[in-house]
J.: 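Below you'll find the structure I mean.
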Amino acid sequence: MSVLTLTIEGRDVAGQTGGTILQVARENGIAIPTLCHLQGLSDVGACRLCVVEVEGQRKLLPACVTAIDEGMKVTVNSERLTAYRRRIVELLFTERNHVCSVCVADRNCELQDLAVELGLTHFDLPLLSPQASVDATHERFGIDHNRCVLCTRCVRVCDEIEGAHTWDVMGRGTEARLITDMGIPWGDSNTCTSCGKCVQVCPTGALFEKGRSVAEARRRRPYLPYLVAHEGRTR
Amino acid sequence: MLVVASGNTLRGDDAVGPEVGELLNVRLAGTGASVIVSDQLLPELADDASRARLVVFVDAAADRPVGSVTVRPVAPRRPQDDAAGAGATGGPGAVRSLDPFSHGMGPEDLLALTRDLYSATPDAVLVSVGAESFEPGAELSGAVRLAVPRAVEAVLHAIEKGTGSVSIPHA
Amino acid sequence: MYRLLDRITRGLASADELAELESLAAMVRDTSLCGLGQGSPNPVFSTLRYFRDEYMAHIDDHVCPAGVCKMEPREAAVAAGEGAR
Amino acid sequence: MADKTIVIEPVTRIEGHAKITIQLNESGEVADAHFHVTQFRGFERISQGRMVHEMPSLMARICGICPVSHMVASAKACDEILGVTVPPVGVRLRRVLNLAQIVQSHALSFFYLSSPDLLLGFDSDPALRNLVGVARQTPELARDGVALRRFGQRIIERLGGKRIHPAWVVPGGVSRPLEASERDSILAEIPDARERAHRTLDWYKKNVASWTDEVAHFGDFPSLYMGLVHEGGNAAYSDGLLRVVDSSGWVMADGVDPRAYGDYLGETVEPWSYLKSTYFKPLGYPAGIYRVGPLARLNVAERLGTPAADAELAEYRERLGRYPSSSFHYHYARLIEIVHCIDVIDHILSRSDILDPHVRARAEINRNEGVGVSEAPRGVLIHHYKVDDDGLVEWANLVIATGHNNLAMNRSVLQTARHYIKGDQVKEGMLNRVEAVIRCYDPCLSCSTHAVGQMPLQVDIRDAEGSLLRQVSR
């Protein structure tokens with residue numbers, strides 16, 4: 001294991017071989033927005049919010065899954081990146097039905113925070129307003145597909161930490177939905193251990209504890225001490 | 001020192017008031033001046049205005065060149081102003097010059113309320129930003145967006161001139 | 001993108017929407033995870049490169065030079081433009 | 001001569017937007033008049049498939065004027081679905097919030113919307129007939145109005161954390177107990193509010209004689225009255241059971257559990273309005289016309305239950321009789337209610353147990369159906385939900401004050417129009433009276449328009465023979 005040196009946002013930084021741009025940036029106090037990333041879970045590079053510019057690379061690279069290299073020059077914030085990130089969040093909002101004012105996660109939501117951070121004040125794109133359902137068959141928890149952003153944190157925490165692999169994703173494009181087991185109601189799932197880890201890692205109000213009203217979602221992340229969503233953010 | 005920034009954030013350029021208000025909230029933090037952002041001017045604001053020495057209204061204006069920032073002093077509406085504009089007929093189509101729920105209440109009316117209700121006559125100026133569109137929408141048109149910083153400066157200038165004592169940290 | 005293209009082919013789109021289409025296509029190309037996503041806006045880019053004038057004809061002149069697209073009546077275009085935002 | 005139809009649109013100084021159509025006959029007399037509601041929302045449809053715990057906050061969005069009353073009615077329907085008993089302090093805190101809502105809404109209705117007519121005259125120059133005009137003539141009255149509205153608003157803000165859409169009322173109670181500092185600051189403002197409420201009432205009583213003609217023609221007719229009363233006959237606002245009396249004091253129904261509202265209230269949808277009209281089923285339609293709101297509440301209750309307000313109520317009944325029937329008296333009733341609400345808020349907040357942290361009961365879904373009722377400022381408000389076993393809303397029905405009053409409002413408009421409008425020389429002051437009679441009911445229109453696709457709006461203009469002259473539809 002050796003140390004590599006690179007520059008991020010014009011700053012000289014160093015990191016271990018095999019480390020990702022995201023890790024090194026955060027170790028050095030350089031913020032990169034993320035949504036699907038959750039430290040302690042594997043990274044899938046799905047949300048595309050952490051894309052950065054790397055000098056000499058035509059393509060944008062997701063910081064969470066791009067290993068650092070000697071002499072790399074990384075730009076985290078540029079006008080183009082911010083515009084893309086804002087557009088990505090806009091697409092997430094317009095794809096389903098996110099209504100903060102009646103959401104259990106209001107003021108406790110990573111999607112909402114991202115919109116604020118990125119200055120998303122309105123939508124240019126039309127709302128798709130799909131007819132998504134709510135599965136409230138589980139005794140303690142529910143999933144509101146209207147608020148799901150398909151970050152798959154729940155899928156990964158269930159598989160990698162709990163070892164149950166109850167959650168998965170079915171369908172493609174705008175038809176993609178989270179499913180429990182082979183697409184049966186959550187309450188009928190044989191594999192679900194009702195541990196609640198999925199609810200704790202959900203960045204929005206998609207997964208919720210029953211009985212909680214508007215703005216009452218509480219993420220007890222210390223309950224999962226090996227997971228950290230964002231450095232500097234306490235949830 | 002009171003800034004009243006009014007406008008509907010969902011009505012195109014009408015949002016310029018709230019937009020300027022939010023910026024002023026940051027700029028004026030800790031100076032003792034307060035900023036009230038409101039959809040429309042409501043009679044309750046007279047109570048706040050009565051406690052201020054200077055009231056700065058910020059609003060979008062349809063009758064000014066788009067993107068222009070105009071500052072003018074405002075005085076309480078006088079009875080004869082109404083009489084002049086009222087039209088004596090009062091037929092079925094008679095227009096009410098003022099109705100708090102038809103967005104008809106203007107700074108002059110609010111100041112009249114402030115004077116009549118609380119015997120207070122704060123100095124007042126209106127900073128109006130020429131607006132293009134009041135159609136439903138959450139976006140300012142380009143020229144109006146560009147006018148926002150100038151409107152903020154105009155308000156700060158009005159406050160400085162009005163007191164000479166408040167020091168505003170320039171961002 | 002499909003929606004925007006569809007609106008253009010029906011003569012309902014404005015010039016703003018063409019700009020919207022271009023920015024969306026660039027964003028999809030630059031930020032997609034897999035090659036399919038990165039390549040998906042290519043038809044938009046290539047048709048824009050070679051046939052931009054036809055796009056503009058749909059938008060500005062309300063005609064389809066190739067005679068392929070069925071255009072909605074002009075009034076519908078005006079109404080749709082007003083309702084689009 | 002062809003018939004003439006006068007349309008007043010929009011009606012100003014009421015909450016929401018509406019339209020009135022007046023039809024004249026060949027001799028220029030008013031043949032018919034309608035009050036239309038053309039606004040449309042679809043909350044009964046929107047709520048389908050949502051978790052029951054969202055409902056109070058979702059329903060509060062129906063209206064920016066009386067969100068609290070919707071929250072309370074909605075939360076009570078949810079309480080029933082959960083099968084919980086709300087802790088007593090939770091019940092009381094909900095009451096305080098609802099009473100504060102009534103004070104602020106009544107202040108808005110009386111001072112901002114109606115006092116210009118009362119003070120400056122129905123025939124006064126419309127350009128001056130507004131709150132600024134009131135302020136010029138009697139600043140004290142306008143000041144009291146501003147202060148009373150603020151008093152109510154501030155309580156809602158303190159308890160709910162937000163002025164317009166507080167998310168404080170939840171199924172099972174309220175989400176957060178009251179803090180001592182909040183209680184103290186509310187209690188400190190009560191003496192001032194009380195003084196202002198009494199002063200306004202005195203002003204009204206002194207001037208009531210000058211509106212004799214309006215009193216007689218602003219919807220003065222016998223009807224039924226419906227409101228909530230506690231056991232023993234005190235007026236109730238957030239709890240209690242329904243009582244219906246007629247103009248001669250016959251109790252037509254009493255102790256009605258809100259769950260049984262369907263047995264008593266029938267609904268029709270008129271082609272000319274999105275607003276559902278309700279009638280008292282045992283008497284049928286349209287004989288079962290009834291009124292709700294301040295006038296009705298004072299008619300159905302034996303007493304209010306606070307000494308000062310009851311003294312006012314006694315004087316009110318001495319002046320107007322035990323069952324006043326003119327809708328003009330909604331104003332008077334409203335002012336007495338302000339006095340009462342302030343005293344009840346005082347009483348509840350002065351209790352030693354009000355800071356008790358047990359303000360919420362939690363439970364799973366235990367029933368599939370729930371009905372909640374509260375008194376909104378404008379009258380009885382019923383929320384009725386059906387949910388599946390998992391707590392997802394399958395069906396919702398809202399019966400709203402303005403719907404209850406719809407038939408009465410129409411009859412009032414007709415009466416007022418007949419009296420004040422003759423021939424085609426229509427003066428502004430006369431039309432203003434037609435609007436003003438609607439303002440008596442303080443209708444809140446945004447909340448009372450209903451399910452998607454049910455009724456298209458259609459305006460028919462007919463001549464004396466009934467043949468259609470013109471039809472406007474959308």
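Below, chains carry the letters A, B, ... as their sequence lines are ordered, and counting in each starts from 1.
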J.: For a quick test of reading the model, state the closest non-hydrogen atom pair linking D/Ala135 to B/Leu113 and the distance between them.
T.: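 Distance-wise, the nearest heavy atoms are CB-CD2, 3.2 Å.
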J.: Only one of B/Leu117, B/Asp109, B/Leu111 passes side chain to side chain contact (heavy atoms under 4.5 Å, CB included) with D/Val132; say which it is.
T.: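 Among B/Leu117, B/Asp109, B/Leu111, the one meeting side chain to side chain contact (heavy atoms under 4.5 Å, CB included) with D/Val132 is B/Asp109.
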J.: Determine whether more than 12 heavy atoms belonging to other residues, nucleotides or ligands lie under 6.0 Å from atom NE2 of D/His198.
T.: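 Buried by this count: over 12 neighbours within 6.0 Å.
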J.: Taking NZ, NE, NH1 and NH2 as the nitrogens, is one of them in D/Arg150 or B/Asp48 under 4.0 Å from a carboxylate oxygen of the other?
T.: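 Looking at D/Arg150 and B/Asp48, the cut-off is met.
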J.: Counting heavy-atom pairs closer than 4.5 Å to chain B, which one of D/Gln137, D/Arg143, D/Glu140 comes out on top?
T.: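 Going by pairs under 4.5 Å, I would pick D/Arg143.
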J.: Rounded to the nearest 0.5 Å, what's the gap from CG on B/Leu42 to CZ on D/Arg149? Could you check?
T.: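 Atom-to-atom, B/Leu42:CG and D/Arg149:CZ are 6.5 Å apart.
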